[in-house]
Amino acid sequence: MVLLAREPFDIGNEALVVGSFYKQPDLYIEYGKTIRSKYDFYDENAKFLFDTFELYYTSFSQEVSEDKINIFMRKEEDRKRRYLALGGYSTIQGYMEIADINDFKQYYDTLKKFSLIRELDKKGFPIKRILDHPKFDKISSDKIIMSMRASLDKIQTVIGGQSDSILLGNDMVNSVMEWKDKPAMGSPFPWDLWTFFFRGWRKGKLVVDGMLSNEGKSRRMSFLAAYISLILGEPILVMVNEMGEEDIKAAMLTAVCNNPIFGFELNVPERNIVLGEYDSEEQYNDVIKVAKYFEENTKIYFKEMNTYSDDEIDHEIRKHVLGLGVNFIFYDTLKGYKTDNWETVKQTTTKIKDLVNEFKIKGYATIQLTDDSLMINIFDFSSNNIANAKQLKHVVDHLLLEKRLDYDEYYKYSIYNEDWGGDMPLQNNKMYYGLKIDKNRAGSKGQVLCHEVDLDLNTWKECGLLLKNIKEKKSGNR
């Protein structure tokens with residue numbers, strides 16, 4: 001056995017890492033996903049405390065206090081026994097007191113370095129020369145890997161997210177059988193054609209919906225977000241950088257009040273609700289019932305992004321996914337932080353898409369269309385109509401471009417709906433939006449959908465497919 005001048009572990013450093021997480025729990029957002037306690041902690045007590053923290057943070061609370069920790073530890077008998085044997089909260093508090101958050105990056109790098117060295121030792125690599133190196137404290141994990149790259153096999157620890165390639169298709173028969181038993185469909189949208197064309201809302205997919213300014217993109221998002229949370233029962237995160245909490249709250253409440261899909265159809269405008277003007281005491285009481293239903297069922301986490309840099313977006317999404325179990329994220333509106341340069345908007349979209357894909361969650365974002373889109377026929381819409389950032393089309397999975405149809409041009413269109421038995425003319429006493437599917441990673445694109453919209457009631461009723469009439473002459477429906 002080769003005697004080592006330095007041991008391949010640093011129990012003191014492991015205590016500093018653990019203490020740092022308990023001292024500043026949100027460190028888990030950035031670092032938690034890259035720590036594998038089985039490999040990274042040599043000391044079993046440090047491993048237990050980190051594993052316990054991880055479970056605590058992701059399932060119980062994102063705030064650390066003695067009372068909360070004690071309650072959590074006592075929820076399971078084995079965990080309680082181990083916790084008390086270690087000295088209880090006083091041990092955690094001691095770790096927290098010696099940890100300096102400003103030095104955490106150094107703690108983390110040291111933890112990973114020793115983890116790597118132990119894995120190299122298991123693989124038979126000569127670690128003595130590394131441990132005995134006079135500048136060992138300054139050697140990084142990356143430099144160790146580089147020095148052994150010629151013969152280095154896969155190491156079972158996370159240094160930079162390394163992973164092996166796979167042989168694609170070696171389980172194709174099983175995939176076909178699984179798709180037969182469980183079709184690859186995602187969560188339903190509140191609109192059947194969205195569900196049909198996009199194959200539902202699937203994990204890892206980002207939907208972007210574009211409209212002109214002041215045409216209701218935040219209201220549609222509010223309707224959709226309320227549906228996902230209240231009807232599907234999913235925890236969601238809504239991030240906004242234009243409308244405030246009161247605006248979003250009013251839009252969501254109005255949507256629930258007036259859309260039968262929520263079980264209510266009160267026909268009360270948002271203006272009446274926020275001004276407290278009701279047609280009768282009964283209508284007011286009905287809105288109170290809806291508000292109570294909202295309170296009892298909401299799983300909507302809301303964040304007003306006063307600073308909407310990519311780092312801030314990354315932080316909030318990680319925090320809510322890891323700590324609160326959020327499965328859907330909504331972002332209104334995509335735009336560059338402190339600039340409208342198209343490249344920054346694309347970078348923000350890429351950031352959100354990467355996070356959606358990393359966590360296998362579902363994303364939705366809004367984007368503003370150019371002012372001249374008002375003069376363009378909905379059938380001619382393309383990513384060129386996106387203000388400042390047409391390049392983001394390459395990033396997203398599904399892209400919808402919407403506009404309000406001009407009353408004077410209703411005669412140019414008809415609506416096709418199989419349930420109606422064919423084509424139907426547009427009615428002049430209603431407002432319609434055309435929605436062009438400009439990108440669709442689930443199948444065909446180019447279709448234009450038609451929704452009947454009432455922004456005052458925040459209702460978005462799917463009518464069917466919008467068709468061009470062959471002869472553009474005024475018909476009798478006007």
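Note that the structure is predicted; figures quoted are calculated from it, not measured. Residue numbers run from 1 in the order of the sequence given.
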Where [X] and [Y] come nearest, the two heavy atoms and their spacing:
X: P8; Y: I117; answer: CB-CG2, 4.2 Å
X: Q368; Y: T333; answer: N-CG2, 4.1 Å
X: S222; Y: I248; answer: OG-CD1, 3.8 Å
X: V268; Y: C257; answer: CG1-CB, 4.0 Å
X: V238; Y: A225; answer: CG2-CB, 4.1 Å

Test side-chain hydrogen bond (donor to acceptor under 3.5 Å, both in side chains) on Y108 and T34; report intermediate values, then the result. CA-CA 10 Å; Y108 174 84; T34 63; 2.5 Å; yes
Using residues 189-202 as the side-chain source, report each donor-acceptor pair under 3.5 Å to any protein atom, sequence neighbours left out, with the distance given to one decimal.
{"unit_1": "W191", "atom_1": "NE1", "unit_2": "W460", "atom_2": "O", "d": "2.8"}
{"unit_1": "T195", "atom_1": "OG1", "unit_2": "F189", "atom_2": "N", "d": "2.9"}
{"unit_1": "T195", "atom_1": "OG1", "unit_2": "W191", "atom_2": "O", "d": "3.4"}
{"unit_1": "R199", "atom_1": "NH1", "unit_2": "A184", "atom_2": "O", "d": "2.8"}
{"unit_1": "R202", "atom_1": "NE", "unit_2": "F198", "atom_2": "O", "d": "3.4"}

Partner residues of [X] under the side chain to side chain donor-acceptor pair (under 3.5 Å) criterion, sequence neighbours left out:
X: N327; result: E234
X: K303; result: none
X: R271; result: none
X: K105; result: D109

Would you say the side-chain atoms of [X] pair up with the backbone N or O of [Y], donor to acceptor, closer than 3.5 Å?
X: Y22; Y: S65; answer: no
X: H315; Y: D311; answer: no
X: S115; Y: L111; answer: no
X: T366; Y: D209; answer: no
X: E54; Y: I35; answer: no
X: S90; Y: G87; answer: yes
X: S20; Y: A99; answer: no
X: D10; Y: N13; answer: yes

Candidate pair E14 and K47, rule salt bridge (Lys or Arg N to Asp or Glu O under 4.0 Å), full reasoning: CA-CA 9 Å; E14 292 180 13; K47 178 180 180 299; over 6 Å; no
Full working for salt bridge (Lys or Arg N to Asp or Glu O under 4.0 Å) between D78 and R81: CA-CA 5 Å; D78 289 343; R81 189 181 303 111; 2.9 Å; yes
Return each pair, listed once, that meets side chain to side chain donor-acceptor pair (under 3.5 Å) where at least one residue sits in residues 166-187; pairs must be two or more places apart or across chains.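 The answer is S187-K362.
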Which residues pass the salt bridge (charged side-chain N to carboxylate O under 4.0 Å, His left out) test with [X], sequence neighbours left out?
X: R441; value: D397
X: K217; value: none
X: E63; value: K68
X: D43; value: none

Would you call [X] and [Y] a salt bridge, taking side-chain N to carboxylate O under 4.0 Å as the test?
X: E402; Y: R220; result: yes
X: D438; Y: K445; result: no
X: R318; Y: E358; result: yes

Candidate pair E270 and R219, rule side chain to side chain contact (heavy atoms under 4.5 Å, CB included), full reasoning: CA-CA 11 Å; E270 178 181 314; R219 284 182 169 82; 3.8 Å; yes
Between F328 and Y364, is the ring centroid distance below 6.0 Å?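 F328 vs Y364: aromatic centres not under 6.0 Å.
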Please confirm whether Y293 and F264 have ring centers closer than 6.0 angstrom.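 Ring centroids of Y293 and F264 are less than 6.0 Å from each other.
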Give the intermediate values and the outcome of side chain to side chain contact (heavy atoms under 4.5 Å, CB included) for residues K335 and Y308. CA-CA 9 Å; K335 57 183 179 180; Y308 49 94; 3.5 Å; yes
Can I get a per-line list of side-chain donor-acceptor pairs under 3.5 Å for residues 281-290, giving both atom names and the distance, sequence neighbours left out?
{"unit_1": "Q283", "atom_1": "OE1", "unit_2": "D279", "atom_2": "N", "d": "2.9"}
{"unit_1": "N285", "atom_1": "ND2", "unit_2": "E281", "atom_2": "O", "d": "3.2"}

Please determine whether the number of non-hydrogen atoms from other residues, nucleotides or ligands lying under 6.0 Å from atom CD of E245 exceeds 12.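 No, the 6.0 Å shell around CD holds no more than 12 heavy atoms from other groups.
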Heavy-atom count around L168 CG within 6.0 Å, excluding the residue itself: above 12?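 No - once you tally the heavy atoms of other residues, nucleotides and ligands closer than 6.0 Å, there are 12 at most.
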Answer yes if the side chains of [X] and [Y] hold a donor-acceptor pair under 3.5 Å, and no otherwise.
X: T459; Y: N259; result: no
X: N272; Y: Y278; result: no
X: N241; Y: Y331; result: yes
X: N458; Y: T254; result: no

Set out, in order, the CA-CA distance, both residues' side-chain angles and the distance that settles salt bridge (Lys or Arg N to Asp or Glu O under 4.0 Å) for K23 and E97, then state yes or no. CA-CA 8 Å; K23 191 171 186 176; E97 289 174 354; over 6 Å; no
Could you give me the CA-CA distance, side-chain angles and deciding distance for D26 and Y57, then say whether side-chain hydrogen bond (donor to acceptor under 3.5 Å, both in side chains) is met? CA-CA 9 Å; D26 283 351; Y57 186 89; 2.8 Å; yes
Any chance you could lay out the side-chain hydrogen bond (donor to acceptor under 3.5 Å, both in side chains) test for N70 and Y83, step after step, and finish with the verdict? CA-CA 9 Å; N70 286 334; Y83 173 62; 2.6 Å; yes
Find out whether the Lys NZ or Arg CZ of R36 is both under 6.0 angstrom from the six-membered ring centre of F41 and within 45° of the ring's axis.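 Judged by the rule, R36 and F41 form no cation-pi pair.
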Apply side chain to side chain contact (heavy atoms under 4.5 Å, CB included) to the pair L400 and V208, showing each step before the final yes or no. CA-CA 6 Å; L400 287 155; V208 169; over 6 Å; no
Please identify each residue that fulfils ring-ring contact (aromatic ring centres under 6.0 Å, His included) with F9, with sequence neighbours left out.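 ring-ring contact (aromatic ring centres under 6.0 Å, His included) check on F9 returns Y42.
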With respect to Y31, which candidate in F50, F53, F104 satisfies the ring-ring contact (aromatic ring centres under 6.0 Å, His included) definition?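 Checked F50, F53, F104 against Y31; only one passes ring-ring contact (aromatic ring centres under 6.0 Å, His included): F104.
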Hey, mind stepping through T349 and L206 against side chain to side chain contact (heavy atoms under 4.5 Å, CB included) and telling me if it holds? CA-CA 9 Å; T349 310; L206 174 62; 4.1 Å; yes
